[in-house]
Participant: 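Take a look at the following structure, please.
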Amino acid sequence: MGLSRLDNLYRQMILEHAAHPHHHGTLENAEHQLELRNPTCGDVLTVQVAMKEDKVSDVAFSGSGCTISQASASMMTDEVIGKTPAQIEQMVMTFSKMVTGDSKDNIDDILGDAAILEGVAQFPARIKCAMLAWKAIYQVIENSNDESSIGLMRHDEL
Amino acid sequence: MGLSRLDNLYRQMILEHAAHPHHHGTLENAEHQLELRNPTCGDVLTVQVAMKEDKVSDVAFSGSGCTISQASASMMTDEVIGKTPAQIEQMVMTFSKMVTGDSKDNIDDILGDAAILEGVAQFPARIKCAMLAWKAIYQVIENSNDESSIGLMRHDEL
Amino acid sequence: MVKKMNKQLIEDFPILDQKVNDERLVYLDNAATTQKPRAVIEAVANYYYHDNANVHRGVHTLAERATAQFEGVRKKVAHFINAPSEQEIIYTKGTTEALNWVAASYGRTFVKPGDEIVISYMEHHSNLVPWQILAKKNGATLKYIDLLSDGQLDIESAKKQITDKTAIVSVAHASNVLGVINPVAELAKIAHKHGAIMVVDGAQSTPHMKIDVQALDIDFFAFSGHKLMAPTGIGILWGKSELLEQMPPLEFGGEMIDWVQLQETTFKKAPWKFEGGTQNIAGVVGLGAAIDYLESIGMEKIESYEKSLIASILPELLKITGLEIYGPLDPAKRTGIISFNLKGLHPHDVATALDMEGVAIRAGHHCAQPLMEYLNVAATARASFYLYNTIEDGQRLVEAIRATKEFFKNGIV
Amino acid sequence: MVKKMNKQLIEDFPILDQKVNDERLVYLDNAATTQKPRAVIEAVANYYYHDNANVHRGVHTLAERATAQFEGVRKKVAHFINAPSEQEIIYTKGTTEALNWVAASYGRTFVKPGDEIVISYMEHHSNLVPWQILAKKNGATLKYIDLLSDGQLDIESAKKQITDKTAIVSVAHASNVLGVINPVAELAKIAHKHGAIMVVDGAQSTPHMKIDVQALDIDFFAFSGHKLMAPTGIGILWGKSELLEQMPPLEFGGEMIDWVQLQETTFKKAPWKFEGGTQNIAGVVGLGAAIDYLESIGMEKIESYEKSLIASILPELLKITGLEIYGPLDPAKRTGIISFNLKGLHPHDVATALDMEGVAIRAGHHCAQPLMEYLNVAATARASFYLYNTIEDGQRLVEAIRATKEFFKNGIV
Ligand SMILES: Cc1ncc(COP(=O)(O)O)c(C=O)c1O
Ligand SMILES: Cc1ncc(COP(=O)(O)O)c(C=O)c1O
């Protein structure tokens, strides 16, 4: 079988996102920011958010990482713009269930293009990579009363 | 087989020594004294020694213990009186080798009646019991420059 | 039923099918360590034959399999003792390490000069010396709860010893000498009323009865795998997460670490922050198999079987003149541990004689020297039963004791 | 010869005879943990099937058998690393616990404010964080020895960092990332000249070469069983007896105790004073079997086989464009650990791809975050070889890396 099974994980769209990530960089008008580390591999990811009328108006991410974490971050940024904190919370939960193989209910509706990361469920070691950016946006939203915050990703959470 | 094998350990002479130990009690003219504990079973044994012209002139032991430790102490006291420190050292070494199954060379010559404890070698769990008194006299002799000393038996020594 | 359950069971324990000194082995040293069913031994072997890898950090297939098993057992243990979350389940080497960690981490952090630590006279050294050392380090006082004349914990004494100065109460759930079961839920209430935490040494209870740390309403609970059919080298510390979160880790390196810089390090959260270095992964797998085995029978059933066993053996032992039994005689109040002495005979001699009859018991102070002093004995003999022991095993014990008396009759008086 | 030795050997490791993702497993994660030969797995099982009992205090036959095996392995380990006495061999959970004990017992007792502790930039967190914590507690300074550009330890930097203020020097005998072997005998000389003690983390050397702690003239040496074909949950701390005698124990209870009174306790002497609670007895038995297995082949032969293996694989890897290897390229200077990165690909992606090809490697910071920073990489991929790996395994690695490059060619640049 060999590498052919990799196609389930590294779908073309994922490779493209990783090679040319969307919203990569920094925001000038960032109101909230969070840096997360994945202690397993040393990846650091910073997510910045601007809000308008209780919705995410802009988002950016920076930092290096593997194909999965970069693509996941890129897709996340595409999907969260214009969403309310409650909607984002639901997205993160849905994404988490999808990549841990718990449930695929409504993934296309709720996650949009990011539903393509469904294949991660077959690669348990990579769940953390896929989750990193979603975990970050979740914590940003949770802490959005604070001006800025810094946190540590732990492999055991979510 | 059952208890018949016990005869190898509990020879009649041993049972008699244990029931009616020799030199059991305390010395009035004790010059050296040592208390040893066997941490495995809680036995405490005190050995007292009086010396004359660099020989053991009198010896006594007190404390409770199992049949083997009491009998061994009783036999030890019989054998060491009149002996020099060097002789006693040799006796202890010979006794140790005998009960650990290392060597039976000259046990009758060197140990006298105490050679009957030879059977202990087949009961490894009881070696410490048999050794306690011999270990005590050895330490008394070694420390005989001090006025009095107290020490702890450790199962790992000798 | 009891008899049938047992006949099938014994076949699961190949070690019991052997002769010792030409007699069929009767293993009655279960309070020291228990035998392992084939299912546990094979779970460990199969782990090595198929899945062995280091856990957590691996990306490859074996590492994922090993990690899933390793973390899966945490869930199983949480369920086994009814802990609210598997994140409160810390892997340790055994009860001793678990209790030491509570003393060294929680204790050294929170016990203040003048505080009191309360234990009982029946504690195993592992639930005594760590508190002695802690008391010395932090300037606290170590106090002891008295026992009633039948060996039960004196609850009136507990009420006196536990005061507003008390920081920690730590007591064995079941004694490894007296076999008595202690009222830890009641003690926990008293402790909490005074603002103290309640630590429970579950080494001798967990193998024999259903544990529910929430129903007991305690704060820490420790037990050893090897005493409940699991491999050696694995044990559990359970603690309330509010407490675990406040405790500093004690062993540094490996998976417990979050982020290391040259002069600073941050740690993971509990339970991982306590698990420094590569853990006893195969031991964890074996612990999971042992819990499966015990639960397939049912802890309630195990408890009632052992009680019926003791109920049938105790009267036979009591018929032996010159035999003294320590601890309460009511089987409802005790586990399958029977400590005794034969008048005029040292327990070491008794144990050697019984070994010649193929009956394996222990003799000594059982790591409970203060209790020996309290009972005013140098040592005791101890027969301890488990699930795979039968009424015949009890009869063999009784016969061997009788034969021993006979043998020594003409020796010492 | 090398080839033949290996063909026979592989049959001793049933786990290697399996398919992973439909490909024959090539296990190259030996620096994380090693596979166990049948002889070790069966030694553990046989212990449980025939001899299992708690050690030391038992009077009965099984307890004697278990104790004889348990203490017998101590002798075996002493011989294996050429320790002067088996009483200097302390059983631990693994390297991490062993190093932590040196830091917490020797370190906290003897390191004074203003003292310096010297380690290197290539240390595993287990040989780094305990010293960081010790330095903080005791008011000492933690200093780092530089590396040369090829990853070797810079001995000139060592001479500068180690001064009369130095109390402890602690360095890995072999790096778990760079594969480089460090000149610990030379470091020990420098350390001793300045009155410091020399601690050696032998986790990655002991499995692969003959260890002689007396020839190295060091003071403490630590290694893990699971990295040399022994079970998980057992490791060794060796220390000079003069030092061990001065060190306080850290875990209290069980066989480490000499005598307990209500408020005072005395301890046994080393090694027992460090071994609180029931030990991983089956793990010790398995360690003995692993040492027997390794010695039946011969550590010199193992070392030379692995060197020849690396010598044949390294050039093949170097031919792959875009592949960077960390550490010296001379096989004489390294063990069977090869850390690498593929340009433009994250090591996690590489490891996942290789896993699809049945090749198990590790990716990450390998518990050496300061080294990653020093190398200026986020992480590396790491293939680590052992005795049972073959030249074909190396070829499979090379092919899988080539296929991975191909797969991602059109993805990220
Ligand atoms: C160099 C080095 N030191 C220490 C350790 C820690 O060993 P263990 O996890 O067995 O305690 C390791 C293994 O990961 C290592 O490679
Ligand atoms: C009541 C009690 N507490 C603690 C221990 C210590 O357990 P371990 O030796 O497994 O650490 C024991 C077992 O000997 C025990 O019986």
Side-chain angles (χ1 to χ4, degrees), chain C residues 14-15 20-21 29 32-33 35-36 41 45 48-50 52-54 57-62 93-97 100 125-126 128-130 132-133 142 144 224 226 231-233 251-254 257 260 262-263 265 276-278 280-283 348 351-352 355 360 362-364 367 369-370, chain D residues 14-15 20-21 29 32-33 35-36 41 45 48-50 52-54 57-62 93-97 100 125-126 128-130 132-133 142 144 224 226 231-233 251-254 257 260 262-263 265 276-278 280-283 348 351-352 355 360 362-364 367 369-370:
Chain C
I15 194 171
V20 154
N21 296 318
D29 194 16
T33 201
Q35 300 307 337
K36 323 303 173 199
I41 303 171
Y48 285 131
Y49 281 135
H50 301 295
N52 176 57
N54 214 329
R57 291 176 191 283
V59 176
H60 57 81
T61 301
L62 294 190
K93 212 183 288 183
T95 306
T96 301
E97 186 168 78
N100 271 275
H125 294 163
S126 297
L128 191 164
V129 184
Q132 239 186 33
I133 303 285
L142 184 61
Y144 288 81
S224 299
H226 71 94
T232 54
E251 300 197 341
F252 308 95
I257 277 166
V260 177
L262 293 181
Q263 306 295 343
T265 295
T278 302
N280 186 357
I281 306 167
H348 255 190
T352 295
D355 187 43
R362 192 147 290 232
C367 294
Q369 288 168 357
Chain D
I15 194 172
V20 155
N21 296 316
D29 194 17
T33 200
Q35 301 307 338
K36 321 304 172 199
I41 303 171
Y48 286 131
Y49 282 134
H50 301 296
N52 176 57
N54 214 328
R57 290 175 192 282
V59 176
H60 58 81
T61 301
L62 293 190
K93 211 182 290 184
T95 305
T96 301
E97 187 168 78
N100 271 276
H125 294 162
S126 298
L128 191 164
V129 184
Q132 239 184 34
I133 302 284
L142 183 63
Y144 287 82
S224 300
H226 71 94
T232 54
E251 299 197 342
F252 307 95
I257 277 166
V260 177
L262 293 181
Q263 306 296 343
T265 295
T278 301
N280 186 357
I281 307 168
H348 255 188
T352 295
D355 186 44
R362 192 147 288 231
C367 293
Q369 289 168 355

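Below, chains carry the letters A, B, ... as their sequence lines are ordered, and counting in each starts from 1. Just so you know, these numbers use all the heavy atoms, side chains as well, and skip hydrogens, waters and symmetry mates.
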Participant: Side chain, backbone, both or neither: which part of D:Tyr49 has an atom under 4.5 Å from a heavy atom of chain C?
Facilitator: both
Participant: If you compare all heavy atoms of C:Lys36 against all heavy atoms of D:Asn52, which two are closest, and at what distance to 0.1 Å?
Facilitator: CE-ND2, 3.7 Å
Participant: Has the side chain of C:Thr96 got a donor or acceptor atom that lies under 3.5 Å from a matching backbone atom of D:Gly253?
Facilitator: no
Participant: Looking only at atom types and distance, does a side-chain atom of C:Glu251 sit under 3.5 Å from a main-chain N or O of D:Glu97, one as donor and one as acceptor?
Facilitator: no
Participant: Could you tell me which of C:Gly364, C:Ala351, C:Ala360 has the largest number of non-hydrogen atom pairs under 4.5 Å with chain D?
Facilitator: C:Ala360
Participant: Could you tell me which portion of C:Tyr48 (side chain, backbone, both or neither) has an atom closer than 4.5 angstrom to a non-hydrogen atom of chain D?
Facilitator: both
Participant: Apply the test side-chain contact (heavy atoms from CB on, under 4.5 Å) to residues C:Asn54 and D:Arg362: give CA-CA distance (whole Å), side-chain angles for both, the deciding distance (0.1 Å), then the verdict.
Facilitator: CA-CA 10 Å; C:Asn54 214 329; D:Arg362 192 147 288 231; 4.0 Å; yes
Participant: Can you tell which part of D:His348 gets under 4.5 Å to a heavy atom of chain C, answering side chain, backbone, both or neither?
Facilitator: both
Participant: Heavy-atom pairs under 4.5 Å with chain D are the metric here; pick the option from C:Thr278, C:Thr61, C:Thr265, C:Val260 that has the most.
Facilitator: C:Val260
Participant: For the residue pair C:Thr232 and D:Gly283, what are the closest heavy atoms and their distance?
Facilitator: OG1-N, 4.3 Å
Participant: Sort D:Ser224 into side chain, backbone, both or neither according to what part of it lies under 4.5 angstrom from a heavy atom of chain C.
Facilitator: neither
Participant: How close do D:Gly254 and C:Cys367 get, heavy atom to heavy atom, and via which atoms?
Facilitator: CA-SG, 3.9 Å
Participant: Start with the C-alpha distance between C:Phe252 and D:Asn100, add both sets of side-chain angles, then the distance that settles side-chain contact (heavy atoms from CB on, under 4.5 Å), and finish with yes or no.
Facilitator: CA-CA 7 Å; C:Phe252 308 95; D:Asn100 271 276; 3.2 Å; yes
Participant: Quick check on D:Ile281 against chain C: is it the side chain, the backbone, both or neither that has a heavy atom closer than 4.5 Å?
Facilitator: both
Participant: For C:Gln35 and D:Leu62, which heavy atoms make the closest approach, and how far apart are they?
Facilitator: NE2-CD1, 4.0 Å
Participant: So what's closer than 4.5 Å to chain D heavy atoms on C:Leu142: side chain, backbone, both or neither?
Facilitator: both
Participant: Among C:Pro231, C:Ala363, C:Gly94, which residue forms the greatest number of heavy-atom pairs with chain D at distances under 4.5 Å?
Facilitator: C:Pro231
Participant: Using non-hydrogen atoms and a 4.5 Å limit, figure out which bit of D:Val20 sits close to chain C: side chain, backbone, both or neither.
Facilitator: side chain
Participant: Does D:Gln132 reach the main-chain N or O of C:Leu262 with its side chain, forming a donor-acceptor pair under 3.5 Å?
Facilitator: yes
Participant: I'd like to verify something: which residue of C:Thr352, C:Ile41, C:Asp29 has the highest number of heavy-atom pairs under 4.5 Å with chain D?
Facilitator: C:Ile41
